[in-house]
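Inspection log for the structure reproduced underneath, given as structure tokens.
Values below: every heavy atom of this structure, side chains too, minus hydrogens, waters and symmetry copies.
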Amino acid sequence: MLSPRSPHPALRRRAALVTGVFTAVIALLLTTPSAAGAAPSDENPAGAGNRPAIGSIEPGQAFMGAGTLIHEGEDPTADAPVPLDTTGVQGIDVSHWQGSINWTSVRNAGIQFAWMKATEGTNFKDSRFNTNYPAAHAAGVIRGAYHFARPDVSSGAVQANYFASNGGAWSRDNLTLPGVLDIEHNPYGAQCYGLSTTQMRNWINDFHATYKSRTTRDIVIYTTASWWNTCTGNWTGMSAKAPLWVAHWTTGSPTIPAGFPTWTAWQYTATGRVSGISGDVDRNKFNGSRDRLLALANNTP
């Protein structure tokens with residue numbers, strides 16, 4: 001899996017941009033009295049397609065891979081000399097950090113599926129979800145929603161209900177994927193959210209059971225091998241229940257968490273580029289044909 005490393009060029013570019021924006025904001029505050037009392041916005045403070053500097057993320061602003069960036073280091077594929085595997089059925093995942101997205105351009109660029117952030121914990125809804133979700137559908141992108149897990153703030157059942165009620169529902173319309181539980185390194189504190197391996201297993205089980213009772217679908221689990229193996233204790237209990245979406249930024253094949261026989265989706269880079277999106281975006285690959293992707297969407301054999 002990923003290992004800590006010195007700041008990568010992609011990270012330095014983002015950090016430089018954040019520094020420049022911060023300087024500009026300070027100048028604006030000094031010259032514009034009315035701005036001094038303005039509340040911070042949920043929208044991307046660093047501009048479309050640019051994520052926050054590592055260590056500066058605040059609750060509600062997490063995105064897929066946020067914890068991995070903090071705990072495991074920058075994406076080594078950013079300037080990889082070996083071409084990434086962009087063959088097969090390609091997808092992306094997005095949040096408000098990507099800003100405004102032209103979904104028609106995304107689909108025309110060959111992207112067939114997309115999962116987008118809907119919720120985090122029990123109090124945060126992504127500010128771009130209500131725009132992204134129907135727009136992707138209208139453009140013919142097979143879409144789905146994801147929930148950024150916060151096992152430290154409430155039970156799995158409470159968060160599954162919050163997710164299902166705020167974008168994570170499912171319908172058999174040939175373009176909607178089951179919801180995703182994004183369970184990864186804690187970007188706000190202790191890697192395993194202060195839970196023991198038994199407590200973490202119970203939390204995930206509760207989330208899965210509650211989501212299935214609300215939607216009839218098994219949740220898709222997004223995670224890394226290092227987080228799963230550490231924080232669930234190499235748990236094999238979800239392998240027969242939940243499809244795996246593995247995050248492993250590499251030019252080779254992904255490392256699979258304990259207990260899962262294979263991956264259904266693979267997030268292979270956090271610094272991809274796609275027409276219709278300004279800046280970096282996570283890129284993913286589906287393990288199978290488009291027909292199998294539609295079978296996952298429609299819950300058919």
Minimum heavy-atom distance between [X] and [Y], given as atom pair plus value:
X	Y	result
R273	D280	NE-OD1, 3.0 Å
Y133	G144	CE1-C, 3.8 Å
I219	G179	CD1-O, 3.2 Å
G276	S105	CA-CB, 3.7 Å
G194	A190	N-CB, 4.3 Å
S154	T122	OG-CG2, 3.0 Å

Is the shortest side-chain heavy-atom distance between [X] and [Y] below 4.5 Å?
X	Y	answer
T215	P178	no
I221	V180	no
R283	T86	yes
M200	P151	yes
T232	I204	yes
F148	E184	yes
W266	N287	no
N205	M238	yes

Which word best sums up how the rings of [X] and [Y] line up, parallel for under 30°, tilted for 30 to 60°, or perpendicular for over 60°?
X	Y	answer
W235	W228	parallel
F63	W97	perpendicular
F207	Y211	parallel

Residue among Y222, Y146, W263, F113 satisfying ring pair (Phe, Tyr, Trp, His ring centres under 6.0 Å) with W245: Y222
Donor-acceptor pair, [X] side chain versus [Y] backbone, under 3.5 Å?
X	Y	answer
Q159	G156	no
R143	H137	no
N298	N174	yes
S239	T236	yes
R201	G233	yes
H96	D126	no

Give the C-alpha distance, both sets of side-chain angles, the deciding distance and a yes or no for side-chain contact (heavy atoms from CB on, under 4.5 Å) between I92 and D282. CA-CA 6 Å; I92 57 174; D282 299 333; over 6 Å; no
With a 4.5 Å cut-off on side-chain heavy-atom distances among I, L, V, M, F, W and Y, is there a chain of contacts connecting [X] to [Y]?
X	Y	result
Y162	M116	no
L294	V89	yes
F124	L181	no
V158	L195	no
I57	L69	yes

Look up atom [atom1] in [X] and atom [atom2] in [Y], then write down how far apart they are to the nearest 0.5 Å.
X	Y	atom1	atom2	result
I111	Q90	CD1	CD	5.5 Å
T300	D291	OG1	CG	9.5 Å
D85	T269	CG	OG1	12.0 Å
I183	R150	CD1	CZ	11.0 Å
H185	C231	NE2	SG	7.0 Å
D218	K212	CG	NZ	4.0 Å

Output, in order, the C-alpha distance, side-chain angles, deciding distance and verdict of side-chain contact (heavy atoms from CB on, under 4.5 Å) for T264 and F286. CA-CA 6 Å; T264 296; F286 180 74; 3.6 Å; yes
For V94 and K117: C-alpha separation, side-chain torsions, deciding distance, then whether side-chain contact (heavy atoms from CB on, under 4.5 Å) applies. CA-CA 6 Å; V94 300; K117 184 180 179 182; over 6 Å; no
Determine whether N284 and W115 satisfy the following criterion, side-chain hydrogen bond (donor to acceptor under 3.5 Å, both in side chains), listing intermediate values before the conclusion. CA-CA 10 Å; N284 304 277; W115 269 292; over 6 Å; no
Could you walk me through whether Q191 and N186 pass side-chain contact (heavy atoms from CB on, under 4.5 Å), step by step? CA-CA 5 Å; Q191 178 181 0; N186 180 6; 5.8 Å; no
Would you please say whether a donor-acceptor pair under 3.5 Å links the side chains of T176 and D173?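 T176 vs D173: donor-acceptor pair found between side chains.
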